[in-house]
Amino acid sequence: MYKIIDGKQISAEIKEEMKKEVAALNESGVSVGLAVVLVGNDPASKVYIGNKKKACEALGIVSSEYLLPEDTSEQSLLELVDKLNRDDSVDGILVQLPLPRHLDEKKIINAISPDKDVDAFHPINVGKIMIGDYIFAPCTPAGIIELIERSGISLEGKSCVVIGRSNIVGKPMSMLLLHKNATVTICHSRTKNLAEVVSSADVVVAAVGKPKFVTANMVKEGAVVIDVGINRMADGKLCGDVNFDAVAPKCSYITPVPGGVGPMTIAMLMKNTVAAAKQKQK
Ligand code: BQF
């Protein structure tokens with residue numbers, strides 16, 4: 001019988017730990033602040049920043065929201081980032097992605113101080129992750145490592161297949177798994193014999209962006225399957241990248257959507273914000 005990894009439960013544990021750390025920092029006169037910037041009105045982005053704001057409130061992190069109109073100029077966004085960089089009450093700066101098309105994401109991310117870059121998207125932080133010397137791990141991959149380890153699963157020597165090579169999930173996920181001494185394979189849209197490669201894995205991380213992409217024939221008996229997909233269906237329901245009903249019976253462990261990886265992303269953002277505040281103390 002497979003076990004469902006409960007991301008809501010594990011994220012609640014991490015948030016509880018962070019709540020204590022925030023209280024201890026406050027006790028020694030240090031506040032913890034997160035600035036959240038949203039440009040435009042993307043409904044999914046609004047839900048995400050709402051989740052982040054709610055988590056901050058529960059933990060005692062002071063969140064400030066900057067809701068900018070869709071037609072915000074690059075210059076005014078850069079000016080806001082610069083202001084937040086210089087504001088000592090702001091420990092973490094998060095610019096919600098995706099940005100409207102007329103704004104150059106790379107340019108905006110490059111403007112965020114690496115010390116406040118709690119998403120770990122700045123090239124300095126990306127490089128640090130590559131060499132294994134980092135304070136901020138990217139939230140979604142870091143959350144997945146926590147889900148696996150807190151479920152009592154060892155990654156040492158395991159064969160891990162990551163499906164998807166994005167800068168936000170696939171690539172950093174592969175690095176974090178490698179740091180845990182896993183043997184890592186990255187699959188993508190040009191991979192030949194993808195089903196065959198995936199079916200050799202002890203651990204599968206699906207970050208494809210296609211509903212029910214991972215099917216039962218692709219999964220080895222007893223595998224651990226982590227579903228990063230958040231696909232919104234016509235009926236408004238969320239659907240993962242894994243065909244859960246078909247795949248679950250073959251797994252030892254599997255994450256659900258919703259309530260798997262998603263809540264962990266938020267918990268790790270809180271962890272990075274606390275880490276930023278602790279750094280500032282030093
Ligand atoms: C859940 C995100 C794609 C692109 C940009 C809980 C979230 C999602 C799902 C959430 C995500 C996805 C976030 C659940 C933040 C995760 O219960 O399953 C929380 O808020 N996320 C984001 O900020 O930007 C994204 C996905």
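Each ligand, and each atom within it, is numbered from 1 in the order the structure gives.
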For this session: Using a strict cut-off of 4.0 Å, indicate which atoms of ligand 1 neighbour a heavy atom of P258.
Result: 1 (C), 17 (O), 18 (O)

Exercise. Quick one: which of R101, K107, K106 gives a salt bridge (Lys or Arg N to Asp or Glu O under 4.0 Å) with E74?
Worked result: K107

Problem set entry | Nearest neighbour of atom 6 (C) of ligand 1 from the list G7, P263, G143, A267, on a heavy-atom basis | P263

Exercise. Please state which protein non-hydrogen atom is closest to atom 4 (C) of ligand 1 and give its distance, to 0.1 Å?
Worked result: Y48 CE1, 4.3 Å

Problem set entry | ligand 1 N/O within reach of N51 N/O, cut-off under 3.5 Å | yes

For this session: Mark yes when over 12 heavy atoms from residues, nucleotides or ligands other than K180 sit less than 6.0 Å from its NZ; otherwise mark no.
Result: no

Problem set entry | Contact check, side chains of E13 and Q9, non-hydrogen atoms, under 4.5 Å | yes

Please report, to 0.1 Å, the donor-acceptor pairs under 3.5 Å made by any side chain of residues 132-147, with sequence neighbours excluded.
from: T140; atom 1: OG1; to: T265; atom 2: OG1; distance (Å): 3.0
from: E146; atom 1: OE1; to: R150; atom 2: NE; distance (Å): 2.7
from: E146; atom 1: OE1; to: R150; atom 2: NH2; distance (Å): 3.4

Exercise. Going by atom types alone, do K52 and Q96 pair a side-chain donor with an acceptor below 3.5 Å?
Worked result: yes

Exercise. Heavy-atom count around I124 CD1 within 6.0 Å, excluding the residue itself: above 12?
Worked result: no

Seminar exercise, completed: If you scan protein heavy atoms around atom 14 (C) of ligand 1, the nearest is G262 CA, 3.6 Å

Exercise. Among the heavy atoms of K52, does any lie under 4.0 Å from an atom of ligand 1?
Worked result: yes

Exercise. Same cluster for V62 and V118 if Ile/Leu/Val/Met/Phe/Trp/Tyr side chains link at under 4.5 Å?
Worked result: no

For this session: Could you tell me whether ligand 1 has any atom less than 4.0 Å away from a heavy atom of I266?
Result: yes

Exercise. Which residue and non-hydrogen atom of the protein lie closest to atom 17 (O) of ligand 1, and at what distance in Å?
Worked result: G259 N, 3.2 Å

Problem set entry | Heavy atom of the protein closest to atom 24 (O) of ligand 1 (residue, atom name, distance) | Q96 NE2, 3.1 Å

Problem set entry | Top protein contact for atom 8 (C) of ligand 1, by heavy-atom distance | I230 CD1, 3.6 Å

